[in-house]
Amino acid sequence: MQLSEQELLRRENLQKLREMGIDPYPAEAVEVTAYAREVQEGFNDEGGEPQNFQQVRLAGRLMGSRVMGKASFAELQDGSGRIQLYIARDEICPGEDKELYNTVFKKLLDIGDFIGVEGFAFRTRMGEITIHVRELKLLSKSLHPLPVVKRDEEGNVYDAFTDPEQRYRQRYVDLTVNPHVKEIFLKRSKLISAMRRFFDGRGWLEVETPALQPVHGGAAARPFKTFHNTLEIPLYLRIANELYLKRLVVGGFEGVYEIGKMFRNEGMDRTHNPEFTSMEIYVAYKDYNWMMGMVEQLVEYVAQEVTGHTKVEYEGKMIDFAGPYRRLSMYDAIQEYTGTDISGMDESALRSLCRQLGIAVDDSMGKGKLIDEIFGEKVEEHLIQPTYIIDYPIEMTPLAKKHRSKPGLVERFELFVNGKEIANAYSELNDPLDQRQRLEDQLRLAERGDFEAMAMDEDFLRSLEYGMPPTSGLGIGIDRLTMLLTDQHSIQEVLFFPQMRPQRGSIYEPEKKQEEGSE
RNA sequence: GAGCCCGUAGCUCAGCCGGCUAGAGCACUUGACUUUUAAUCAAGGGGUCCUGGGUUCGAGUCCCAGCGGGCUCACCA
């Protein structure tokens, strides 16, 4: 490995520290008594007399220094933010030996090193709250030069670390130097905890179901396939957990939810990562009408908790998450945006309508798929404010209950925001014979060439035969909801480690890497 | 999968129509400076110009192939 000049220098500094008897990676715990933000926000020096933080210990990364001879200013960044340090030579080196200041601090410490300081807070002549350092200790040496991002008084950023490839591959660097990036992930975490709070508060149970499944079901998507060596069977990474959660409802849990990773072996783009996080919830004795009310409360609550508001700006558009949301049937929505009533049309009429509207179709598309195409092409983009689209054609929804009064439809809704689906829910199909029939229809679609059609799951059918109470279920894409609430336009910006092609030389050659039995 | 764009110092970028030893700011090194803040001042070091071919007297620049990334579209929740 070729080291750059700066990397070599840091390794030399490391060596010199060791020669001076300073352990660059000491083992002891550090007793931190204050955080940067806490001091910045809470420091009180009314009347010119410092009132608090007069004996504090902080730890963090050294992010910059301005040396002025026998005194220096430096930036310390901890988990909460940044604070300035004031380091005077004769303060940290009270005796004759000025090595700690002259050599260790000025020469051997580098930007990015973790240090611990002890001292007191004061306000400089320029008005900046600062820690006057009395003791300084190296906690961990950094061997790689960190990009130095500078900001001036107007907040202009210079030399930002912006290359998406490097930011995603070295997210640790991105998080260290780009505070706004950290903010997005804090919000993501808040979103998930708010959602948990909301569900737990209603007495629903968080559960975990298998990610490795012998039959991939519950959604229309292509799976990742793997192999279990002991069982000697192929397994699939789950594309959905719906069928397992329903088994739990069969077993008597009346409200269950799971927040977890799903895996889909499909294309990647701005809104798709091969693994993503979904929240699914099933509540017994409820229907999709009830669920629409619940989702309004949930989304409004989450938006409030994450952003502090129910109105959120996305791509320059103000989106209001306060309920109730507009409810529009799929047929009415298509009529509204195309002027055509498709409620009575059969497959061939729909196919010719698609051609008329300039939508590409092929023979593998059934009635449901054709309607979905029209909707996706002509309606979706108009649904900016939160809108429920309800009552979908039965052909495209094999796991939802038939509509109580509208033949040919199922009790399903999707929530659209800014032209994108963010939630999907049904009155769940609990008629085992109907369910068997629908899955058999899926098999026929598969034979027609639709390789995303669902597979038969006999154990799931058996569970329904034991009896599942009337139940409503909901799925929400956590990544996409996070994007909406943080005004991010790429899924990569809300995933710590989005999937990337491996860098050359960063992994073993495929032959060596290939484990026995995997494919 | 297709089209377009990008890849030059640790970071952000310039480098014209192919032509001197490949540049700038920050970062880094040396020196000065005890309340600075994009600290300042002086001097200095640092390059696999993504990789491999080709054209040419001469390639960072032009051509071909590949690798990686971004955007758009397609596919897809």
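Predicted model, so just to flag it, every value in this text is computed and none were measured. To find a chain, count down the sequence lines: A is the first, B the second, and so on, and within it residues start at 1.
Residue A:Glu266 is in sugar-phosphate contact alone, with no base atom involved, counting any heavy-atom pair closer than 4.0 Å across all strands shown. Across all strands shown, A:Asn156 has no heavy atoms under 4.0 Å from either base or sugar-phosphate atoms. Among the protein residues, A:Arg501 comes within range of the sugar-phosphate backbone only, with heavy atoms under 4.0 Å from sugar or phosphate atoms but none that close to a base. Among the protein residues, A:Glu12 comes within range of no part of the nucleic acid, since none of its heavy atoms lies under 4.0 Å from any strand. Residue A:Tyr168 is in sugar-phosphate contact alone, with no base atom involved, counting any heavy-atom pair closer than 4.0 Å across all strands shown. If you check every strand for non-hydrogen atoms under 4.0 Å, A:Phe161 touches sugar and phosphate atoms only. Contact annotation for A:Val157: no contact, since no heavy-atom pair falls under 4.0 Å across all strands. Using a 4.0 Å heavy-atom distance criterion, A:Asp163 is classed as a sugar-phosphate-only contact. Using a 4.0 Å heavy-atom criterion, one finds that A:Arg169 contacts the sugar-phosphate atoms exclusively. If you check every strand for non-hydrogen atoms under 4.0 Å, A:Gln84 touches a base. Residue contacts shown for A:Met268 are absent, as no nucleic acid heavy atom lies under 4.0 Å away. No contact: A:Arg89 has no heavy atom under 4.0 Å from any strand. Within the nucleic acid shown, A:Arg151 comes within 4.0 Å of sugar-phosphate atoms alone, with no base atom in reach, counting heavy atoms only. Counting non-hydrogen atoms under 4.0 angstrom, A:Lys106 reaches nothing in the nucleic acid.
Between B:U72 and A:Arg270, a contact under 4.0 Å exists linking OP1 or OP2 to a side-chain N or O. Distances shorter than 4.0 Å separate none of the side-chain N or O atoms of A:Lys150 from OP1 or OP2 on B:A38. Applying the 4.0 Å criterion to OP1 and OP2 of B:G70, one finds that A:Gln492 has a side-chain N or O inside that range. Of the side-chain N and O atoms in A:Gln6, none sit less than 4.0 angstrom from OP1 or OP2 of B:G46.
The cationic atom of A:Arg89 (NZ for Lys, CZ for Arg) does not lie both less than 6.0 Å from the six-membered ring centre of A:Tyr101 and within 45° of the ring axis.
With respect to the salt-bridge test (charged N to carboxylate O, under 4.0 angstrom), the residues A:Asp90 and A:Lys98 qualify. Salt bridge present: A:Glu493 and A:Arg167 bring a charged side-chain N and a carboxylate O closer than 4.0 Å. In this structure, A:Asp479 pairs ionically with A:Arg188, as a charged nitrogen and a carboxylate oxygen lie closer than 4.0 Å. Using a 4.0 Å cut-off between charged side-chain N and carboxylate O, A:Glu5 and A:Arg10 make no salt bridge.
For the pair A:His272 NE2 and B:G70 P, the interatomic distance rounds to 16 Å; values are reported in whole Å. Rounding to whole angstrom units, CD of residue A:Gln499 and P of B:C76 are separated by 21 Å. For the pair A:Lys98 NZ and B:U34 C1', the interatomic distance rounds to 12 Å; values are reported in whole Å. Residue A:Met500 contributes atom CE, which lies 13 Å from atom C1' of B:G7 at whole-angstrom precision.
Nearest-nucleotide positions on RNA chain B place A:Asp159 closer to the 5' end than the other of A:Glu414 and A:Asp159. Nearest-nucleotide assignment on RNA chain B puts the 5′-proximal partner with A:Thr162, out of A:Thr162 and A:Asp152.
For A:Arg125, whose side chain is taken as the heavy atoms from C-beta onward, the closest listed nucleotide among B:U34, B:G45, B:U36 is B:U36. Here the nucleotide nearest the side chain of A:Lys369, chosen from B:C11, B:U35, B:C76, is B:C76.
Checking B:A9 for Watson-Crick or G-U wobble geometry (two distances, each under 3.5 Å) identifies no partner in any strand. B:A2 is paired with B:U72 under the criterion used here, namely a Watson-Crick or G-U wobble arrangement in which both key atom distances are under 3.5 Å. B:G18 makes up no base pair with any nucleotide shown, lacking Watson-Crick or G-U wobble contacts both under 3.5 Å. Base pairing annotation: B:G47 forms no Watson-Crick or G-U wobble pair, as no partner gives both donor-acceptor distances under 3.5 Å. In this structure, B:C41 and B:G31 make a Watson-Crick or G-U wobble pair, each of the two defining distances being under 3.5 angstrom.
Side-chain N/O atoms of A:Tyr158 and base N/O atoms of B:U12 include no donor-acceptor pair closer than 3.5 Å. With hydrogens and angles ignored, a donor-acceptor pair closer than 3.5 Å exists between the side chain of A:Arg66 and the base of B:U36.
A gap of 28 Å separates the P atoms of B:U56 and B:G15, to the nearest Å. B:A39 and B:G18 have their P atoms separated by 41 Å, with the value rounded to a whole Å. Here the separation of B:A38 from B:C16, taken at their C1' atoms, is 31 Å to the nearest Å.
The aromatic rings of A:His382 and A:Tyr337 lie parallel to each other, their planes meeting at an angle below 30°, with 60° marking the opposite boundary.
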**Request:** Apply side-chain hydrogen bond (donor to acceptor under 3.5 Å, both in side chains) to A:Asn241 and A:Glu258, showing your working.
**Result:** CA-CA 8 Å; A:Asn241 52 359; A:Glu258 179 170 16; 2.9 Å; yes
